[in-house]
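Here is the structure we will look at.
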Amino acid sequence: MIRYTFLLLILPVLLVCGIGCTAANQELATKSMEESETRVYEVFGMDCPGCHGGLEKLVKKIPAVQESEANWLQKQLVVTVRPEVELNDEDIYDAIRRANFTPGNRIK
Amino acid sequence: MKRLLLMVLVCATINALISENASAAGISVDAGLTPPEDRWIIRTQFRYMQRKDDPTPMNQKMDTYAFPVVVAYGFRPDLTLMIRQPVKHRKMSMGGSVSRETGFDDLFVLGKYKLYRRNTREYTFGIASTLGLEFPTGDDDFGSETWDLEPGLFTSWRSGPWASDFSVAYKWNGFADRGKNGLNPGNELSVDLALAHQFSIGEKADMSLTPVLEFNYKHILPDRLSGHNVSNTGESLFFVSPGLKFTKSSFILEVLLQFPVWQDQEGSQLKQGTRLIVGTRFMF
(Lines give C-alpha, C1' and ligand atoms only; values in the text may rest on other atoms or scores of the structure.)
Protein backbone atom coordinates (compact mmCIF):
# COMPACT_ATOMS: atom_id res chain seq x y z
CA MET A 1 0.00 0.00 0.00
CA ILE A 2 2.84 2.35 0.95
CA ARG A 3 4.56 1.45 -2.35
CA TYR A 4 1.48 2.45 -4.40
CA THR A 5 1.04 5.70 -2.47
CA PHE A 6 4.69 6.51 -3.14
CA LEU A 7 4.24 5.77 -6.85
CA LEU A 8 1.11 7.92 -7.02
CA LEU A 9 3.01 10.79 -5.43
CA ILE A 10 6.17 10.49 -7.51
CA LEU A 11 4.45 9.95 -10.89
CA PRO A 12 2.97 13.47 -11.25
CA VAL A 13 6.32 14.94 -10.17
CA LEU A 14 8.15 12.94 -12.85
CA LEU A 15 5.55 13.88 -15.47
CA VAL A 16 5.81 17.58 -14.66
CA CYS A 17 9.63 17.38 -14.72
CA GLY A 18 9.59 15.46 -18.01
CA ILE A 19 7.25 17.88 -19.72
CA GLY A 20 9.18 20.80 -18.28
CA CYS A 21 12.53 19.42 -19.46
CA THR A 22 11.16 18.58 -22.94
CA ALA A 23 9.72 22.07 -23.24
CA ALA A 24 13.02 23.56 -22.10
CA ASN A 25 14.94 21.40 -24.60
CA GLN A 26 12.58 22.38 -27.39
CA GLU A 27 13.01 26.00 -26.46
CA LEU A 28 16.79 25.60 -26.51
CA ALA A 29 16.71 23.77 -29.86
CA THR A 30 14.47 26.42 -31.39
CA LYS A 31 16.75 29.14 -30.08
CA SER A 32 19.78 27.29 -31.49
CA MET A 33 18.02 26.86 -34.87
CA GLU A 34 17.14 30.54 -34.86
CA GLU A 35 20.75 31.48 -34.22
CA SER A 36 22.31 28.98 -36.66
CA GLU A 37 22.42 29.76 -40.36
CA THR A 38 21.33 27.33 -43.07
CA ARG A 39 22.99 27.38 -46.47
CA VAL A 40 22.10 25.42 -49.59
CA TYR A 41 24.64 24.57 -52.30
CA GLU A 42 24.27 22.93 -55.69
CA VAL A 43 26.40 19.81 -56.11
CA PHE A 44 26.95 17.96 -59.40
CA GLY A 45 28.20 14.39 -59.66
CA MET A 46 26.23 12.67 -56.89
CA ASP A 47 24.48 9.71 -58.46
CA CYS A 48 23.07 7.60 -55.62
CA PRO A 49 22.29 7.73 -51.89
CA GLY A 50 25.72 6.14 -51.30
CA CYS A 51 27.25 9.46 -52.35
CA HIS A 52 25.54 11.30 -49.46
CA GLY A 53 27.61 9.77 -46.68
CA GLY A 54 31.01 10.52 -48.24
CA LEU A 55 30.21 14.16 -48.87
CA GLU A 56 28.49 14.72 -45.52
CA LYS A 57 31.50 13.22 -43.71
CA LEU A 58 33.92 15.65 -45.37
CA VAL A 59 31.64 18.67 -44.83
CA LYS A 60 31.08 17.82 -41.15
CA LYS A 61 34.85 17.91 -40.63
CA ILE A 62 34.74 21.68 -41.15
CA PRO A 63 34.68 23.13 -37.61
CA ALA A 64 32.06 25.76 -38.46
CA VAL A 65 29.60 23.15 -39.72
CA GLN A 66 26.98 21.91 -37.27
CA GLU A 67 25.08 19.63 -39.64
CA SER A 68 25.08 18.70 -43.32
CA GLU A 69 22.60 16.83 -45.44
CA ALA A 70 23.06 15.88 -49.10
CA ASN A 71 20.40 14.94 -51.62
CA TRP A 72 21.58 13.33 -54.87
CA LEU A 73 18.21 13.64 -56.57
CA GLN A 74 17.93 17.40 -55.95
CA LYS A 75 21.69 17.80 -56.46
CA GLN A 76 21.85 19.81 -53.25
CA LEU A 77 23.81 20.04 -50.03
CA VAL A 78 22.17 21.70 -47.01
CA VAL A 79 24.65 22.98 -44.42
CA THR A 80 23.77 24.23 -40.94
CA VAL A 81 26.42 26.63 -39.65
CA ARG A 82 27.27 26.75 -35.94
CA PRO A 83 25.90 29.87 -34.22
CA GLU A 84 28.27 32.83 -34.11
CA VAL A 85 30.94 31.05 -36.21
CA GLU A 86 32.21 32.24 -39.59
CA LEU A 87 32.01 29.75 -42.46
CA ASN A 88 33.81 30.43 -45.71
CA ASP A 89 32.01 29.10 -48.79
CA GLU A 90 35.37 28.07 -50.22
CA ASP A 91 35.75 25.49 -47.40
CA ILE A 92 32.48 23.89 -48.52
CA TYR A 93 33.54 23.95 -52.19
CA ASP A 94 36.85 22.33 -51.25
CA ALA A 95 35.04 19.52 -49.39
CA ILE A 96 32.74 18.99 -52.39
CA ARG A 97 35.76 18.69 -54.70
CA ARG A 98 37.53 16.26 -52.33
CA ALA A 99 34.38 14.12 -52.49
CA ASN A 100 34.90 13.99 -56.28
CA PHE A 101 31.90 16.22 -57.01
CA THR A 102 31.63 19.66 -58.58
CA PRO A 103 30.19 22.65 -56.70
CA GLY A 104 27.50 24.66 -58.46
CA ASN A 105 25.85 27.85 -57.21
CA ARG A 106 25.05 28.70 -53.61
CA ILE A 107 21.26 28.70 -53.70
CA LYS A 108 20.67 30.12 -50.19
CA MET B 1 62.71 -36.47 -68.33
CA LYS B 2 59.93 -37.48 -70.72
CA ARG B 3 58.14 -39.27 -67.88
CA LEU B 4 58.36 -36.13 -65.70
CA LEU B 5 56.97 -33.99 -68.53
CA LEU B 6 54.12 -36.49 -69.03
CA MET B 7 53.33 -36.43 -65.30
CA VAL B 8 53.22 -32.63 -65.27
CA LEU B 9 50.94 -32.65 -68.32
CA VAL B 10 48.56 -35.15 -66.69
CA CYS B 11 48.53 -33.07 -63.47
CA ALA B 12 47.86 -29.91 -65.46
CA THR B 13 45.01 -31.57 -67.33
CA ILE B 14 43.34 -32.78 -64.13
CA ASN B 15 43.89 -29.36 -62.58
CA ALA B 16 42.25 -27.71 -65.58
CA LEU B 17 39.30 -30.07 -65.37
CA ILE B 18 38.59 -29.07 -61.80
CA SER B 19 39.60 -25.43 -61.97
CA GLU B 20 37.11 -22.64 -61.27
CA ASN B 21 39.63 -20.07 -62.41
CA ALA B 22 37.12 -18.21 -64.57
CA SER B 23 35.90 -15.70 -62.01
CA ALA B 24 33.87 -13.49 -64.33
CA ALA B 25 33.38 -10.55 -62.01
CA GLY B 26 29.82 -9.49 -61.36
CA ILE B 27 27.96 -6.56 -59.72
CA SER B 28 29.70 -3.93 -61.83
CA VAL B 29 33.25 -5.19 -61.22
CA ASP B 30 34.79 -3.09 -58.46
CA ALA B 31 31.88 -0.68 -58.48
CA GLY B 32 32.33 2.89 -59.52
CA LEU B 33 34.96 5.55 -59.90
CA THR B 34 37.26 6.58 -57.08
CA PRO B 35 35.25 7.25 -53.87
CA PRO B 36 35.56 10.47 -51.82
CA GLU B 37 38.73 11.15 -49.90
CA ASP B 38 38.88 9.46 -46.49
CA ARG B 39 36.05 7.08 -47.37
CA TRP B 40 36.28 3.49 -46.13
CA ILE B 41 34.41 0.75 -47.93
CA ILE B 42 34.13 -2.79 -46.62
CA ARG B 43 32.65 -5.16 -49.12
CA THR B 44 31.76 -8.77 -48.44
CA GLN B 45 30.32 -11.25 -50.89
CA PHE B 46 29.03 -14.76 -51.05
CA ARG B 47 29.64 -16.31 -54.45
CA TYR B 48 28.32 -19.65 -55.53
CA MET B 49 29.84 -21.16 -58.67
CA GLN B 50 29.35 -24.53 -60.22
CA ARG B 51 31.07 -26.64 -62.85
CA LYS B 52 29.13 -29.50 -64.37
CA ASP B 53 28.46 -31.54 -67.54
CA ASP B 54 31.76 -33.40 -67.53
CA PRO B 55 32.52 -34.54 -71.08
CA THR B 56 34.79 -37.32 -69.78
CA PRO B 57 33.69 -40.61 -68.20
CA MET B 58 34.96 -39.35 -64.81
CA ASN B 59 31.54 -37.70 -64.28
CA GLN B 60 32.92 -34.81 -62.22
CA LYS B 61 30.95 -31.96 -60.71
CA MET B 62 32.23 -29.08 -58.65
CA ASP B 63 30.54 -26.54 -56.38
CA THR B 64 32.58 -23.61 -55.11
CA TYR B 65 31.52 -21.21 -52.37
CA ALA B 66 33.70 -18.11 -52.22
CA PHE B 67 33.68 -15.41 -49.55
CA PRO B 68 35.80 -12.50 -50.72
CA VAL B 69 36.28 -9.62 -48.29
CA VAL B 70 37.36 -6.30 -49.76
CA VAL B 71 38.61 -3.25 -47.88
CA ALA B 72 38.96 -0.05 -49.91
CA TYR B 73 40.12 3.39 -48.82
CA GLY B 74 40.07 6.72 -50.65
CA PHE B 75 43.55 8.11 -49.96
CA ARG B 76 42.94 11.09 -52.20
CA PRO B 77 39.97 12.07 -54.39
CA ASP B 78 41.82 10.57 -57.36
CA LEU B 79 43.45 7.55 -55.70
CA THR B 80 41.90 4.50 -54.06
CA LEU B 81 43.60 1.42 -52.67
CA MET B 82 41.75 -1.87 -52.36
CA ILE B 83 42.72 -5.19 -50.76
CA ARG B 84 40.78 -8.40 -51.43
CA GLN B 85 41.12 -11.69 -49.59
CA PRO B 86 38.85 -14.57 -50.64
CA VAL B 87 38.18 -17.68 -48.62
CA LYS B 88 36.87 -20.64 -50.60
CA HIS B 89 35.14 -23.89 -49.97
CA ARG B 90 35.06 -26.47 -52.74
CA LYS B 91 33.00 -29.61 -53.04
CA MET B 92 34.16 -32.00 -55.73
CA SER B 93 32.15 -35.01 -56.82
CA MET B 94 33.72 -37.70 -58.95
CA GLY B 95 31.75 -40.87 -59.62
CA GLY B 96 30.37 -41.77 -56.20
CA SER B 97 33.04 -40.06 -54.11
CA VAL B 98 32.93 -36.55 -52.72
CA SER B 99 35.84 -34.46 -51.48
CA ARG B 100 35.72 -31.09 -49.71
CA GLU B 101 38.39 -28.47 -49.26
CA THR B 102 38.48 -25.07 -47.58
CA GLY B 103 41.26 -22.52 -47.83
CA PHE B 104 42.49 -19.06 -48.69
CA ASP B 105 42.77 -17.87 -52.26
CA ASP B 106 45.49 -15.41 -53.30
CA LEU B 107 45.59 -11.91 -51.81
CA PHE B 108 44.81 -9.22 -54.37
CA VAL B 109 45.77 -5.56 -54.10
CA LEU B 110 44.35 -2.99 -56.51
CA GLY B 111 45.08 0.68 -57.01
CA LYS B 112 42.56 2.84 -58.84
CA TYR B 113 43.48 6.22 -60.27
CA LYS B 114 40.99 8.77 -61.59
CA LEU B 115 42.11 9.89 -65.05
CA TYR B 116 39.13 12.05 -65.92
CA ARG B 117 35.83 13.04 -64.39
CA ARG B 118 33.24 15.52 -65.57
CA ASN B 119 30.23 16.35 -63.39
CA THR B 120 27.48 18.45 -64.95
CA ARG B 121 23.85 19.13 -64.17
CA GLU B 122 22.82 16.58 -66.85
CA TYR B 123 25.42 13.83 -66.57
CA THR B 124 28.56 12.49 -64.90
CA PHE B 125 31.27 10.80 -66.92
CA GLY B 126 34.51 9.40 -65.61
CA ILE B 127 37.48 7.26 -66.54
CA ALA B 128 39.73 5.47 -64.07
CA SER B 129 42.73 3.24 -64.60
CA THR B 130 43.38 0.26 -62.36
CA LEU B 131 46.46 -1.78 -61.58
CA GLY B 132 46.11 -4.96 -59.58
CA LEU B 133 48.68 -7.35 -58.19
CA GLU B 134 47.83 -10.85 -57.02
CA PHE B 135 50.26 -12.31 -54.51
CA PRO B 136 50.95 -16.07 -54.40
CA THR B 137 49.71 -16.31 -50.81
CA GLY B 138 46.82 -18.74 -51.26
CA ASP B 139 46.67 -22.30 -50.03
CA ASP B 140 47.92 -25.04 -52.37
CA ASP B 141 44.44 -26.08 -53.52
CA PHE B 142 43.23 -22.55 -54.29
CA GLY B 143 46.14 -20.19 -55.00
CA SER B 144 47.85 -19.88 -58.39
CA GLU B 145 51.38 -19.83 -56.89
CA THR B 146 52.32 -17.07 -59.32
CA TRP B 147 52.62 -13.30 -59.15
CA ASP B 148 49.87 -11.92 -61.38
CA LEU B 149 49.56 -8.39 -62.72
CA GLU B 150 46.21 -6.94 -63.81
CA PRO B 151 46.04 -3.54 -65.52
CA GLY B 152 42.58 -2.28 -66.43
CA LEU B 153 40.43 0.61 -67.50
CA PHE B 154 37.05 1.60 -66.09
CA THR B 155 34.52 4.09 -67.45
CA SER B 156 31.31 5.27 -65.88
CA TRP B 157 28.36 7.25 -67.25
CA ARG B 158 25.47 8.52 -65.15
CA SER B 159 22.50 10.56 -66.29
CA GLY B 160 19.52 11.00 -63.97
CA PRO B 161 18.42 7.56 -62.84
CA TRP B 162 20.34 5.78 -65.62
CA ALA B 163 23.83 4.39 -65.18
CA SER B 164 26.27 2.43 -67.27
CA ASP B 165 29.70 1.11 -66.35
CA PHE B 166 32.22 -0.47 -68.68
CA SER B 167 35.46 -2.08 -67.69
CA VAL B 168 38.21 -4.01 -69.39
CA ALA B 169 41.10 -5.74 -67.63
CA TYR B 170 43.93 -8.03 -68.68
CA LYS B 171 45.39 -10.39 -66.11
CA TRP B 172 48.96 -11.32 -66.83
CA ASN B 173 49.38 -14.53 -64.87
CA GLY B 174 52.88 -15.44 -63.79
CA PHE B 175 54.40 -12.22 -65.13
CA ALA B 176 57.45 -12.63 -62.92
CA ASP B 177 57.66 -16.35 -62.31
CA ARG B 178 56.26 -19.79 -63.09
CA GLY B 179 53.64 -21.74 -61.19
CA LYS B 180 53.52 -25.33 -60.02
CA ASN B 181 56.01 -27.56 -61.86
CA GLY B 182 57.01 -24.77 -64.21
CA LEU B 183 53.44 -24.36 -65.47
CA ASN B 184 52.54 -20.86 -66.61
CA PRO B 185 48.80 -20.17 -66.11
CA GLY B 186 47.03 -18.64 -69.11
CA ASN B 187 46.45 -14.91 -69.20
CA GLU B 188 42.88 -13.62 -68.83
CA LEU B 189 40.91 -10.89 -70.59
CA SER B 190 37.78 -9.56 -68.87
CA VAL B 191 35.24 -7.23 -70.43
CA ASP B 192 32.22 -6.15 -68.38
CA LEU B 193 29.30 -3.89 -69.14
CA ALA B 194 26.64 -2.95 -66.59
CA LEU B 195 23.40 -1.05 -67.19
CA ALA B 196 21.23 0.14 -64.33
CA HIS B 197 18.16 2.22 -63.54
CA GLN B 198 17.75 3.67 -60.10
CA PHE B 199 14.42 4.14 -58.30
CA SER B 200 14.63 6.58 -55.44
CA ILE B 201 12.85 5.76 -52.16
CA GLY B 202 11.83 8.26 -49.50
CA GLU B 203 11.37 12.02 -49.47
CA LYS B 204 15.01 12.69 -48.71
CA ALA B 205 16.14 10.31 -51.49
CA ASP B 206 18.31 8.54 -48.91
CA MET B 207 17.48 5.07 -50.25
CA SER B 208 17.21 3.58 -53.71
CA LEU B 209 16.41 0.32 -55.45
CA THR B 210 18.33 -0.42 -58.63
CA PRO B 211 17.71 -3.21 -61.13
CA VAL B 212 21.00 -4.06 -62.87
CA LEU B 213 21.77 -5.92 -66.07
CA GLU B 214 25.37 -6.98 -66.61
CA PHE B 215 27.17 -8.58 -69.52
CA ASN B 216 30.37 -10.35 -68.46
CA TYR B 217 32.87 -11.74 -70.95
CA LYS B 218 36.01 -13.62 -70.03
CA HIS B 219 38.66 -15.18 -72.25
CA ILE B 220 41.36 -17.34 -70.70
CA LEU B 221 44.33 -18.41 -72.77
CA PRO B 222 45.58 -22.00 -72.40
CA ASP B 223 48.23 -22.67 -69.76
CA ARG B 224 51.78 -22.92 -71.10
CA LEU B 225 54.44 -25.49 -70.30
CA SER B 226 57.90 -25.47 -71.86
CA GLY B 227 56.65 -23.15 -74.61
CA HIS B 228 53.64 -25.33 -75.50
CA ASN B 229 49.94 -24.99 -74.79
CA VAL B 230 48.64 -27.44 -72.21
CA SER B 231 45.66 -29.39 -73.53
CA ASN B 232 42.25 -29.03 -71.84
CA THR B 233 43.03 -25.53 -70.59
CA GLY B 234 41.74 -22.17 -71.75
CA GLU B 235 38.16 -21.11 -72.31
CA SER B 236 35.82 -18.27 -73.26
CA LEU B 237 32.73 -17.39 -71.25
CA PHE B 238 29.89 -14.97 -71.69
CA PHE B 239 27.39 -14.33 -68.91
CA VAL B 240 24.17 -12.34 -68.95
CA SER B 241 23.55 -11.27 -65.38
CA PRO B 242 20.40 -9.64 -63.98
CA GLY B 243 20.57 -8.30 -60.46
CA LEU B 244 19.16 -5.94 -57.87
CA LYS B 245 20.83 -3.40 -55.61
CA PHE B 246 19.47 -1.66 -52.51
CA THR B 247 21.41 1.46 -51.55
CA LYS B 248 21.46 3.58 -48.38
CA SER B 249 23.92 6.33 -47.56
CA SER B 250 26.24 3.94 -45.76
CA PHE B 251 25.08 0.51 -46.87
CA ILE B 252 24.48 -1.45 -50.07
CA LEU B 253 22.90 -4.86 -50.47
CA GLU B 254 23.31 -6.48 -53.88
CA VAL B 255 22.23 -9.71 -55.56
CA LEU B 256 23.22 -10.94 -59.01
CA LEU B 257 22.55 -14.10 -60.99
CA GLN B 258 25.01 -14.98 -63.75
CA PHE B 259 23.71 -17.12 -66.58
CA PRO B 260 26.37 -18.61 -68.87
CA VAL B 261 24.68 -18.00 -72.22
CA TRP B 262 27.76 -18.94 -74.23
CA GLN B 263 30.93 -20.84 -73.39
CA ASP B 264 33.70 -22.48 -75.31
CA GLN B 265 36.23 -24.68 -73.54
CA GLU B 266 39.43 -26.05 -75.06
CA GLY B 267 39.39 -29.85 -75.07
CA SER B 268 37.61 -31.71 -72.29
CA GLN B 269 36.61 -29.46 -69.43
CA LEU B 270 33.67 -29.05 -67.13
CA LYS B 271 31.05 -26.51 -68.22
CA GLN B 272 30.14 -23.44 -66.23
CA GLY B 273 26.81 -23.46 -64.45
CA THR B 274 24.65 -20.57 -63.21
CA ARG B 275 26.30 -18.44 -60.56
CA LEU B 276 24.91 -16.46 -57.64
CA ILE B 277 26.41 -13.41 -55.95
CA VAL B 278 25.03 -11.87 -52.75
CA GLY B 279 27.00 -8.97 -51.37
CA THR B 280 27.03 -6.12 -48.88
CA ARG B 281 28.99 -2.89 -48.79
CA PHE B 282 29.46 -0.79 -45.69
CA MET B 283 30.73 2.72 -46.29
CA PHE B 284 31.93 5.10 -43.60
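Values in this document were obtained by computation on a predicted structure and should not be read as measured data. Each chain gets a letter, A, B and so on, in the order the sequences are listed, and its residues count up from 1.
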### Message
Checking B:Phe104 now: which residues fulfil ring pair (Phe, Tyr, Trp, His ring centres under 6.0 Å) with it, not counting sequence neighbours?
### Response
none

### Task
Check whether any side-chain heavy atom of B:Pro36 lies under 4.5 Å from a side-chain heavy atom of A:Leu58, and answer yes or no.
yes

### Task
Kindly check if the number of other-residue, nucleotide or ligand heavy atoms within 6.0 Å of CD (B:Glu203) is above 12?
no

### Message
Quick one: does any side-chain atom of B:Arg158 pair with a main-chain N or O of A:Met46 as donor and acceptor, under 3.5 Å?
### Response
no

### Message
Checking A:His52 against B:Lys204 for the side-chain contact (heavy atoms from CB on, under 4.5 Å) test, could you report, in this order, the C-alpha distance in whole Å, the side-chain angles of both residues, the deciding distance, and whether it holds?
### Response
CA-CA 11 Å; A:His52 294 178; B:Lys204 291 181 177 176; over 6 Å; no

### Task
Counting only heavy atoms closer than 4.5 Å, note whether B:Ser249 contacts chain A via side chain, backbone, both or neither.
both

### Message
Holding to salt bridge (charged side-chain N to carboxylate O under 4.0 Å, His left out), I want the full list of residues that pass it with A:Lys57, two or more places apart in sequence or in another chain.
### Response
B:Asp38

### Task
Check whether A:Gln74 gets within reach of chain B through its side chain, its backbone, both or neither, counting any heavy atom under 4.5 Å.
neither

### Task
Tell me, out of A:Pro49, A:Ala99, A:Cys51, who's got the most heavy-atom pairs with chain B below 4.5 Å.
A:Pro49

### Query
A:Trp72 and B:Gly160: which non-hydrogen atoms are nearest, and at how many Å?
CZ3-O, 4.2 Å

### Query
Minimum heavy-atom separation for A:Phe44 to B:Asn119, with atom names?
O-CB, 3.4 Å

### Summary
So, the part of A:Glu56 with a heavy atom under 4.5 Å from chain B: the answer is neither

### Query
Relative to chain A, which segment of B:Ser208 carries a heavy atom at a distance below 4.5 Å: side chain, backbone, both, or neither?
both

### Engaged part of B:Lys248 at the chain A interface, taking heavy atoms whose separation is under 4.5 Å
backbone

### Selection from B:Asp78, B:Thr210, B:Ile201, B:Thr34 maximising heavy-atom pairs under 4.5 Å formed with chain A
B:Thr34

### Query
Rounded to the nearest 0.5 Å, how far does CG of A:Asp47 lie from OG of B:Ser159?
11.0 Å

### Summary
Within residues 100-108 of chain A, contacts to chain B at heavy-atom distances under 4.5 Å involve A:Asn100, A:Phe101, A:Thr102

## Note on the structure
By ring pair (Phe, Tyr, Trp, His ring centres under 6.0 Å), B:Tyr123 pairs with (sequence neighbours left out) B:Trp157

### Query
Just wondering, do B:Gln198 and A:Cys48 contact through their side chains at under 4.5 Å, heavy atoms?
yes

### Message
Heavy-atom cut-off 4.5 Å, strictly under: side chain, backbone, both or neither for B:Phe284 against chain A?
### Response
backbone

### Query
So which part of B:Met207 gets closer than 4.5 Å to some heavy atom of chain A, the side chain, the backbone, both or neither?
backbone

### Task
Please look at B:Arg121 and chain A and tell me whether the side chain, the backbone, both or neither of the residue comes under 4.5 angstrom of a heavy atom of that chain.
both

